[in-house]
Amino acid sequence: MIVMKDIIREGHPTLRQKAEEVKLPLSAEDQKLGEELLEYVKNSQDDELAEKYDLRPGVGIAAPQINISKRIFALHFDEHSGENLSLVAVNPKIVSHSVEKAYLSGGEGCLSVDRSVPGYVPRYARITVKGYTLTGEEFKTRLKGLPAIAFQHELDHLNGIMFYDHINPNDPFQEVENASPIDLQAETVE
Ligand code: SB7
Ligand code: NI
């Protein structure tokens, strides 16, 4: 089971590497990795388990964050979030995207970043994505709203990119051209 001490933090070189493609069909080891990533995000969103194991809540986690430089991540939104998405993505890709952008008005956080970095993180508002599931089947789906933002945050981890790389350093809250804010009740999404 993944816990906070397994998660590497900014400054660790793995977070800046481009992760390796996963070989298909998935090895038993890579399948287990995907299952563990999904288990982490699910557990971290369960108040009791999060408290018991001292897990910081997150909607997603990518393999490089546990120092495994492979192209695999998990995303999970529980029923209460109003979203309905739970997936492990293997070798994920964005195949097309909107011109329009979106950003979370409260900014983004990251399990690998132990500080708050305020500012707008411009993302594509809508994306069509492709990848493989844990059982090696190809998937293709369209995402918008928070799931689209989260998918891009995780995909960035596979390419060595941190969310704050996208924040305008001179004016973190500068209006983003062609973008709609996404207002969530929660201040900062992690
Ligand atoms: C979308 C996704 C996240 C934060 C903000 C917007 C994921 C945060 C957890 N992670 O650090 C996963 O990489
Ligand atoms: Ni992150």
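Atoms within a ligand are numbered from 1 in the order they appear, just like the ligands themselves. Bear in mind the structure is a predicted one, so any value in this text is a computation, not a measurement.
- Across every non-hydrogen atom of Leu75 and Leu38, the tightest pair is O-CD1, 3.8 Å.
- For Gly60, the heavy-atom gap to ligand 1 drops under 4.0 angstrom.
- Atoms of ligand 1 lying under 4.0 Å from at least one heavy atom of Cys110, given by number and element, are 11 (O).
- Inclusion of Ser112 in the set of residues having an N or O under 3.5 Å from an N or O of ligand 1 is not warranted.
- A donor-acceptor pair is defined here as one N or O able to donate and one able to accept, closer than 3.5 Å; such a pair exists between the side chain of Ser112 and the backbone of Ile8.
- The count of protein N, O or S atoms under 2.8 Å from the Ni ion (ligand 2) stands at 3, with waters excluded from the count.
- In this structure, Thr14 OG1 and Ile68 CD1 are separated by 10.0 Å, a value rounded to the nearest 0.5 Å.
- With sequence neighbours left out, His76 forms a ring pair (Phe, Tyr, Trp, His ring centres under 6.0 Å) with no residue at all.
- In this structure a side-chain-to-backbone donor-acceptor pair under 3.5 Å is missing from Asp46 to Asn43.
- Pairs passing the side-chain hydrogen bond (donor to acceptor under 3.5 Å, both in side chains) check and including a residue from residues 28-42, sequence neighbours excluded, read Ser27-Asp30, Asp30-Lys70.
- The distance from ligand 1 to the heavy atoms of Glu154 drops below 4.0 Å at these ligand atoms: 7 (C), 10 (N), 12 (C), 13 (O).
- Of the heavy atoms in Leu104, only side-chain atoms (C-beta onward) come closer than 4.0 Å to ligand 1.
- At a heavy-atom distance under 4.0 Å, only side-chain atoms of Val59, from C-beta outward, approach ligand 1.
- Taking CZ from Phe151 and CZ from Arg123, the interatomic distance works out to 12.0 Å, rounded to the nearest 0.5 Å.
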Donor-acceptor contacts, no H, no angles, side chain residues 162-176, under 3.5 Å, sequence neighbours left out:
unit_1, atom_1, unit_2, atom_2, d
Tyr164, OH, Glu10, OE1, 2.6
Asp165, OD1, Arg16, NH2, 3.0
Asp165, OD2, Arg16, NH1, 2.7
Asp165, OD2, Met162, N, 2.9
His166, NE2, Asp156, OD2, 2.7
Asn168, OD1, Asn170, N, 2.9
Asn168, OD1, Asp171, N, 3.2
Asn168, ND2, Gln174, OE1, 3.0
Glu175, OE1, Tyr103, OH, 3.3

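- In this comparison of Ile149, Val41, Leu111, the heavy atom closest to atom 11 (O) of ligand 1 sits on Leu111.
- Taking all atoms of both residues into account, the shortest heavy-atom contact from Ile182 to Ala102 is CD1-CB, 4.0 Å.
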